[in-house]
Amino acid sequence: MTIKVAIFGVGLIGGSLGLCLKGKPGITVVGHSHRPGSLNRMIERGVVDAATASMEEAAADADFIFLCVPVGNLEEYLRRLNELPLKPGCIITDVGSTKASISACAETCSRPGVHFIGGHPMAGSERSGVEAASTLLFENAFYVLTPSAGVPEEAYLRLEQLLGYTRAQIVRVDPVLHDEIVGAISHLPHIIAVALVNQVCDYDKDNGLHRMLAAGGFRDITRIASSDPIIWRDILLSNRNVLLSLLQDWNREIDGFIHMLEERDGERIEQAFQKANQFRGELPERRKGAITSLYDIYIDVPDHPGIIGQIATELGVQHINLSNMQIIESREDVPGVLRLSFRQENEMERAKQHLHAQGYAVYL
């Protein structure tokens, strides 16, 4: 029996799901988009077996429907699907980074024989669009599923089994708890990064030195401030209540540092850093999480002509793909620091081992 999988919104996430499922025994993948250009790209990229601009055609007889559209459009798509004659037993799921609101919407427009199970693959890339889709995107990533109490266990297990093709680690979480956790480890950091960059931007208006001296570490720790404004507008509004509570907690943390500085309380400042140091040291280093990991290595390079090309050639000979390279510091008679970036962890590890064997000083 053929299993039909319909994907609405075939970009990075939807396209990667298509690549993971397409060609598997008994599975047919159909992509949907209202834009002819998107239909052509998903066919050219080979992420689906068929593509259609008709929502009805894509959903007809589908066993699984993946909503890979922006968070702000999820409820609209769910309501429109509810008006269509879906196959009995059909499972609808999404890939949004907030779960409580879409789960509540699914409860209000539910109908017998059709099941909604919220989903959130914690995987991403610095690239976007179907051109960036990859079968490796979800590998070793956490893929959260948030079924409501009324979802039959059989339906949940069917979706879990299908997602096994992604090679992600499936985690079952309550929708409200999911939003509280992701709010703290992803949404709040994005707000903090944006606020910090904007604060420094305002300071920079006076002299331009903030912009010049903010290279390197400041740029690294605030990289998530460059996230898509429209996408993050919808995410934050969707998780509004959770974030209001988290921001109140954040203000208390900042007030604590203000008090420590006012009182010149060096002991408490030291304790705060020790606590953070210990907890951060316990975090998994090589797992995909809510914020996309950076796969970077750093190399001390001597200041002589051709060294950058030599390193790039070394990696090319070994068929190791670089996504970016940057000279962080290079001054006369002083060793420079070269940052090499990779899209996959295994590429980073191979490069580290090879360059170390060639005598380079390599560190993470």
Side-chain angles (χ1 to χ4, degrees), residues 1-11 13-15 17-18 21 27-35 38-39 42 48-121 143-163 172-176 178-179 230-231 234-235 237-241:
M1 182 179 70
T2 300
I3 296 173
K4 179 180 176 180
V5 176
I7 301 176
F8 289 74
V10 187
I13 300 295
L17 281 168
L21 301 175
I27 296 178
T28 298
V29 180
V30 177
H32 168 268
S33 175
H34 294 299
R35 298 188 295 272
S38 297
L39 296 174
M42 67 178 80
V48 295
D49 294 298
T52 177
S54 168
M55 193 169 186
E56 293 79 4
E57 183 179 345
D61 296 320
D63 297 278
F64 298 90
I65 297 175
F66 285 85
L67 299 180
C68 304
V69 298
V71 169
N73 301 121
L74 281 172
E75 293 188 14
E76 174 193 356
Y77 270 80
L78 198 57
R79 292 191 179 97
R80 290 177 64 187
L81 284 174
N82 191 51
E83 299 170 354
L84 300 180
L86 301 180
K87 182 177 181 178
C90 175
I91 294 173
I92 303 173
T93 186
D94 74 311
V95 298
S97 63
T98 58
K99 298 272 69 76
S101 59
I102 188 64
S103 296
C105 177
E107 291 286 342
T108 61
C109 62
S110 64
R111 68 198 212 204
V114 176
H115 314 295
F116 176 81
I117 302 174
H120 178 197
Y143 198 123
V144 179
L145 294 179
T146 60
S148 65
V151 172
E153 187 66 14
E154 174 271 334
Y156 175 85
L157 293 176
R158 277 198 290 133
L159 178 58
E160 184 180 55
Q161 182 179 18
L162 182 74
L163 291 174
R172 187 171 185 164
V173 181
D174 173 78
V176 173
H178 166 276
D179 286 4
I230 304 302
I231 290 175
D234 293 344
I235 290 173
L237 290 176
S238 178
N239 208 18
R240 174 178 174 272
N241 291 334

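Computed from a prediction, not measured in an experiment: that's the story for all the values here.
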Between [X] and [Y], what is the shortest heavy-atom contact and its length?
X: Glu83; Y: Arg111; result: N-NH1, 4.0 Å
X: Leu86; Y: Ala59; result: CD2-CB, 3.8 Å
X: Asn82; Y: Cys109; result: OD1-O, 2.7 Å
X: Leu17; Y: Cys68; result: CD1-SG, 4.0 Å
X: Ala155; Y: His115; result: CB-CD2, 3.8 Å

Check: Ser238/Ser101 side-chain N/O donor and acceptor closer than 3.5 Å: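 Yes - a donor-acceptor pair under 3.5 Å links their side chains.
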
Salt bridge present between Arg79 and Glu75 (N-O < 4.0 angstrom):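 A salt bridge is present here (some side-chain N lies under 4.0 Å from a carboxylate O).
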
Salt-bridge criterion met for Arg158 and Asp63 (N-O under 4.0 Å): no

[atom1]/[X] to [atom2]/[Y] distance, rounded to the nearest 0.5 angstrom?
X: Leu21; Y: Thr28; atom1: CG; atom2: OG1; value: 11.0 Å
X: Met55; Y: Arg80; atom1: CE; atom2: CZ; value: 4.5 Å
X: Ser97; Y: Ile235; atom1: OG; atom2: CD1; value: 3.5 Å
X: Ile102; Y: Phe116; atom1: CD1; atom2: CZ; value: 4.5 Å
X: Thr93; Y: Ile65; atom1: OG1; atom2: CD1; value: 11.0 Å
X: Leu67; Y: Phe8; atom1: CG; atom2: CZ; value: 7.0 Å

Under 6.0 Å from the [atom1] atom of [X], do we count more than 12 heavy atoms belonging to anything else shown?
X: Arg35; atom1: CZ; answer: no
X: Asn73; atom1: CG; answer: yes
X: Gln161; atom1: CD; answer: no

Are the side chains of [Y] and [X] in contact, using a 4.5 Å heavy-atom criterion?
X: Ile7; Y: Val5; result: yes
X: Val151; Y: Ile91; result: no
X: Phe66; Y: Val10; result: no

Aromatic plane relationship, His178 with His120 - under 30° parallel, 30 to 60° tilted, over 60° perpendicular: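 Perpendicular, since the angle between the ring planes exceeds 60°.
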
Under 3.5 Å donor-acceptor, Lys99 side chain and Leu145 backbone: no

Any donor-acceptor pair under 3.5 Å from Asp49 side chain to Val30 backbone: no

Steps toward side chain to side chain contact (heavy atoms under 4.5 Å, CB included) verdict (Ser103, Thr146): CA-CA 8 Å; Ser103 296; Thr146 60; 4.1 Å; yes

Ser54: side-chain contact (heavy atoms from CB on, under 4.5 Å) partners, not counting sequence neighbours: Thr52, Glu56, Glu57

Side chain to side chain contact (heavy atoms under 4.5 Å, CB included) between Val71 and Thr98, intermediate numbers included: CA-CA 8 Å; Val71 169; Thr98 58; 3.7 Å; yes

CA sep, side-chain torsions, deciding dist, call: Leu162, Ile27, side chain to side chain contact (heavy atoms under 4.5 Å, CB included): CA-CA 10 Å; Leu162 182 74; Ile27 296 178; 3.8 Å; yes

